[in-house]
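Here the structure is laid out as structure tokens; the discussion comes afterwards.
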Amino acid sequence: MEDFLKSVGALYDETRVKLLKFIDMHGPLCVCDLEASFGMIQSRLSRHLKILKDAGFLKADRCGRWTYYAIRSPIDRFRQETLEEIRTLPIDLPELKKISGACS
């Protein structure tokens, strides 16, 4: 029950829904790319990403000094269907401003 409420609660924010759709569209993205694309300060962005990660939607991988966020895989049916629904929403998203280099 607690996981369900955490997941539903994470979605009750327009910015977090936009971040999920953006990451779902573009694949793994560095916090720096998201920061540049959304024009948000890192602390605020990181807070939203942490909530989405704790809710089971995102995974985070470190590469050097940056953290890359991607849709968690495998993902359970509830979260998969939620992402499918978010894909259908008419949401205006910012343009991707990719400033990170290749991560190896």
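Positions are given from 1, in the same order as the sequence printed here.
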Between CD of E14 and CG of L19, what distance do you get to the nearest 0.5 Å?
11.0 Å
Nearest-0.5 Å distance that lies between atom CZ in R65 and atom SG in C30
8.5 Å
Partners meeting ring pair (Phe, Tyr, Trp, His ring centres under 6.0 Å) with F22 (sequence neighbours left out):
H26, F38
Yes or no on side chain to side chain contact (heavy atoms under 4.5 Å, CB included) for I91 and K18, after CA distance, side-chain angles and deciding distance?
CA-CA 7 Å; I91 300 173; K18 286 181 176 182; 3.6 Å; yes
Should we say atom NZ of K21 is surrounded by more than 12 heavy atoms from elsewhere, each under 6.0 Å from it?
yes
Gap between atom CG of L52 and atom NZ of K6 - 0.5 Å precision
12.0 Å
Answer yes if V8 and I51 sit in the same cluster of Ile, Leu, Val, Met, Phe, Trp and Tyr residues linked by side chain heavy atoms under 4.5 Å apart, and no otherwise.
no
To the closest 0.5 Å, what do you measure between OH (Y69) and CG (L58)?
8.0 Å
When you measure from the side chain of K59 to the backbone of Y68, do you find a donor-acceptor pair of N or O atoms at a distance under 3.5 Å?
no
Do L20 and L11 make a side-chain contact, defined as non-hydrogen atoms from C-beta onward lying under 4.5 Å apart?
yes
For E95, look at atom CD and say whether over 12 heavy atoms of other residues, nucleotides or ligands are found less than 6.0 Å away.
no
State whether the side chain of T88 and the backbone N or O of E85 hold a donor-acceptor pair below 3.5 Å, judged by distance alone.
yes
About how many Å separate CG of L29 and CD1 of I99, when rounded to the nearest 0.5 Å?
11.0 Å
Which pairs, with at least one residue in residues 22-40 and sequence neighbours excluded, count as a salt bridge (charged side-chain N to carboxylate O under 4.0 Å, His left out)?
D24-R87, D33-K98
Nearest heavy atoms of A70 and I23, plus distance in Å:
CA-CG2, 3.8 Å
Under the side-chain contact (heavy atoms from CB on, under 4.5 Å) test against Q42, which residue among L49, V31, L34 passes?
V31
With distance as the sole test, does S37 use its side chain to make a donor-acceptor pair with the main-chain N or O of P94 at under 3.5 Å?
no
Give the intermediate values and the outcome of side chain to side chain contact (heavy atoms under 4.5 Å, CB included) for residues F78 and D3.
CA-CA 11 Å; F78 170 73; D3 286 344; over 6 Å; no
Please determine whether salt bridge (Lys or Arg N to Asp or Glu O under 4.0 Å) holds for the pair D76 and R79, giving the CA-CA distance in whole Å, both sets of side-chain angles, and the decisive distance to 0.1 Å.
CA-CA 6 Å; D76 64 27; R79 288 172 184 83; 2.3 Å; yes
Is a side-chain donor or acceptor of T67 paired with a backbone partner of D61 at a separation under 3.5 angstrom?
no
What pairs with D13 under side-chain contact (heavy atoms from CB on, under 4.5 Å), at least two apart in sequence or on another chain?
T15, R16, H48
Rounded to the nearest 0.5 Å, what's the gap from CZ on F57 to CD1 on I75? Could you check?
6.5 Å
